[in-house]
Amino acid sequence: MRDLKIPRERHPEKARRPDNPQPKKPSWIRVKAPGGKGYAETARIMRENKLVTVCEEAGCPNVGECWSQGHATMMIMGEVCTRACTFCNIATGKPPEDLDAFEPGRVAHAVDKLGLNHVVITSVDRDDIEDGGAAHFAQTIRAIRHRSPKTTIEILTPDFIKCAPDALEKVVEARPDVFNHNLETVPGLYPEVRPGARYFHSLRLLQRVKELDPRMFTKSGIMVGLGEDRQAVLQVMEDMRAADIDFLTIGQYLQPTPKHHRVDRFVTPEEFAAYEKAAFGKGFLMVSATPLTRSSYHAGDDFARLRAAREKRLGLA
């Protein structure tokens, strides 16, 4: 039985990789250690419902802030991912279990208990399942809708690269409010950073969402500090807008362990501000570009701004 708390068992494919030094974080990256009553209550609800969170599994730096406010991003379909991206801290390998048919109900119960106005649901990649877990995503969305009809739902999905086209259709038909799929990095770094994925497949996935339901908000994000240059980032923005993506997130890559991809550099807050200005100039409805930005960070507040921006653009505000 694997012990996923031990790095070499959590990431067996990285065990023989040479160590990459982990540079000291600059002042603008450091955050307070998690704790407090709200944090403890969120943790209790997650444990009681036997739920996994990407906040913990991916080592998110914002977990203390978000959990203290009762905001947790739930990760469905297990805690072992069939991909082995070199930036990611989620455990990798062959998932030891089938999908849990009762998980959607437990997620919906937790959303209700936390009293969430907006929830983000993500997952591991499950290339071992024929539809990549698409039906499971749809069931989770429907369960939340039934239990908490006023809660808006944001999903962060895999790329469904090995699935038939109807896999994506199953998810879109369940009508999440926001469909997010992260491109993660610039195309030139895909072979090194995101093996098993394809940049233009991910881009096309998001474009198809809009073709299937033009009213659905689409969202995607990248990390910087992996070795990309500014021109490559600006080209990703252009590609995203060509695919009619509404919301862009850009955050600093942080190296989880010495075996993971190295941090090329820490991008300054001023550079993030310049990326944000450039992205709004290219037509995104919403942009979050800061060192600590993550896909679900402040997602509820950002969704309200996203919706207001669309209404303003359409002349409805």
Q: In a check of salt bridge (Lys or Arg N to Asp or Glu O under 4.0 Å) between D159 and each of R208, R83, R126, R198, which one passes?
A: R83
Q: Would a 4.5 Å heavy-atom cut-off, applied to side chains only, mark D246 and R310 as touching?
A: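 Side chain of D246 against side chain of R310, heavy atoms only: contact under 4.5 Å found.
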Q: Is it true that atom CZ of R175 has more than 12 heavy atoms of other residues, nucleotides or ligands lying nearer than 6.0 Å?
A: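 No, CZ of R175 has 12 or fewer neighbouring heavy atoms, counting only those of other groups under 6.0 Å.
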Q: With a cutoff of under 4.5 Å between side-chain heavy atoms, which Ile, Leu, Val, Met, Phe, Trp and Tyr residues group with L156?
A: none
Q: Looking at K150, is its backbone amide N or carbonyl O close enough to the side chain of S148 to form a donor-acceptor pair, meaning the two atoms are under 3.5 Å apart?
A: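 No, because the side chain of S148 does not come within donor-acceptor range (under 3.5 Å) of the backbone of K150.
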Q: For the backbone of N89 and the side chain of R10, can you confirm whether one donor and one acceptor N or O come within less than 3.5 Å of each other?
A: yes
Q: Nearest 0.5 angstrom please: I245 CD1 to M237 CE, how far?
A: 12.0 Å
Q: For R313, what residues pass the salt bridge (Lys or Arg N to Asp or Glu O under 4.0 Å) criterion, not counting sequence neighbours?
A: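 Partners of R313 under the salt bridge (Lys or Arg N to Asp or Glu O under 4.0 Å) test: none.
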Q: Could you give the distance from CE (M216) to CG (L206), rounded to the nearest 0.5 Å?
A: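 Nearest 0.5 Å value for the CE-CG distance: 12.0 Å.
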Q: Could you see if F247 belongs to whatever hydrophobic cluster contains V171? Use Ile, Leu, Val, Met, Phe, Trp, Tyr and a side-chain cutoff under 4.5 Å.
A: no
Q: In terms of hydrophobic clusters joined by side-chain contacts under 4.5 Å, are L306 and L116 together?
A: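 No: no chain of side-chain contacts under 4.5 Å links L306 to L116.
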Q: Do side-chain atoms of R17 reach the backbone of K259 as a donor and acceptor pair under 3.5 angstrom?
A: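 It does hold such a pair.
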Q: Going by atom types only, do H118 and T151 share a side-chain donor-acceptor pair under 3.5 Å?
A: no
Q: With rounding to the nearest 0.5 Å, note down the distance linking NZ in K219 to OG1 in T249.
A: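 Here the rounded value is 6.0 Å.
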Q: Are V186 and V263 connected into the same hydrophobic cluster when the rule is that any two of I, L, V, M, F, W, Y join if their side-chain heavy atoms are below 4.5 Å apart?
A: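 Yes, same cluster.
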Q: Give every residue pair that meets the ring-ring contact (aromatic ring centres under 6.0 Å, His included) criterion with at least one member in residues 131-179, sequence neighbours excluded.
A: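 For residues 131-179: none.
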Q: Measuring from E173:CD to D166:CG, what's the distance to the nearest 0.5 Å?
A: 9.0 Å
Q: With sequence neighbours excluded, what pairs up with E271 under the salt bridge (Lys or Arg N to Asp or Glu O under 4.0 Å) test?
A: R265
Q: Counting only heavy atoms not in K210, do more than 12 fall under 6.0 Å of its NZ?
A: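 Yes, because the 6.0 Å sphere around NZ of K210 holds more than 12 heavy atoms from other groups.
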Q: Please check: side-chain N/O of S123 versus main-chain N/O of I76, any donor-acceptor pairing under 3.5 Å?
A: no
Q: Is the closest side-chain donor-acceptor distance between T92 and E13 under 3.5 Å?
A: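 Yes - a donor-acceptor pair under 3.5 Å links their side chains.
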Q: Return yes if some donor-acceptor pair links the side-chain N/O of T290 with the main-chain N/O of T293 below 3.5 Å, else return no.
A: yes
Q: Evaluate side chain to side chain donor-acceptor pair (under 3.5 Å) for S202 paired with R194, printing each intermediate quantity in order.
A: CA-CA 11 Å; S202 287; R194 205 178 170 214; 3.1 Å; yes
Q: Dump the intermediate steps for salt bridge (charged side-chain N to carboxylate O under 4.0 Å, His left out) on E48 and R44, then the final yes or no.
A: CA-CA 6 Å; E48 284 184 357; R44 182 187 67 78; 2.6 Å; yes
Q: If only atom types and distance count, is the side chain of Q252 paired as donor or acceptor with the main-chain N or O of V267 below 3.5 Å?
A: yes
Q: In chain order, what residues pass the ring pair (Phe, Tyr, Trp, His ring centres under 6.0 Å) check against H260, with sequence neighbours excluded?
A: H11
Q: Hey, could you give me the CD/OG1 distance between Q207 and T218, rounded to the nearest 0.5 Å?
A: 10.0 Å
Q: Just by distance, do the side chain of T122 and the backbone of M75 share a donor-acceptor pair under 3.5 Å?
A: no
Q: Going by an N to O cut-off under 4.0 Å, is there a salt bridge joining R215 and D177?
A: no
Q: Quick one: do the D264 and Y253 side chains pair a donor with an acceptor below 3.5 Å?
A: no
Q: Between atom CG of D239 and atom CZ of R204, what is the distance when rounded to the nearest 0.5 Å?
A: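 D239 CG to R204 CZ: 14.0 Å, rounded to 0.5 Å.
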Q: Step by step, work out the salt bridge (charged side-chain N to carboxylate O under 4.0 Å, His left out) result for K170 and D131.
A: CA-CA 9 Å; K170 291 177 189 176; D131 74 348; 3.2 Å; yes
Q: Would you kindly confirm whether F284 and V224 end up in one hydrophobic cluster when ILVMFWY residues are joined by side chain heavy atoms under 4.5 Å apart?
A: yes
Q: Pairs in or reaching into residues 211-246: which pass ring-ring contact (aromatic ring centres under 6.0 Å, His included), with residues at least two apart or in two chains?
A: F217-F303
Q: Using atom types as modelled and distance alone, determine if a side-chain donor or acceptor of T86 lies under 3.5 Å from a backbone N or O of E192.
A: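 Side chain of T86 to backbone of E192, a donor-acceptor pair under 3.5 Å: yes, one is there.
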Q: Would you kindly say whether S295 and N182 are connected by a side-chain donor-acceptor distance under 3.5 Å?
A: yes
Q: So if you build clusters from Ile, Leu, Val, Met, Phe, Trp, Tyr with side-chain heavy-atom gaps below 4.5 Å, do V287 and M223 land together?
A: yes
Q: Under a 3.5 Å distance rule, please check whether E130 uses its side chain to pair with a backbone N or O of C163 as donor and acceptor.
A: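 Side chain of E130 to backbone of C163: no pair is present.
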Q: Give a yes or no answer on whether the side chain of T82 reaches the backbone of D127 with a donor-acceptor pair at less than 3.5 Å.
A: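 Here the side-chain-to-backbone pair exists.
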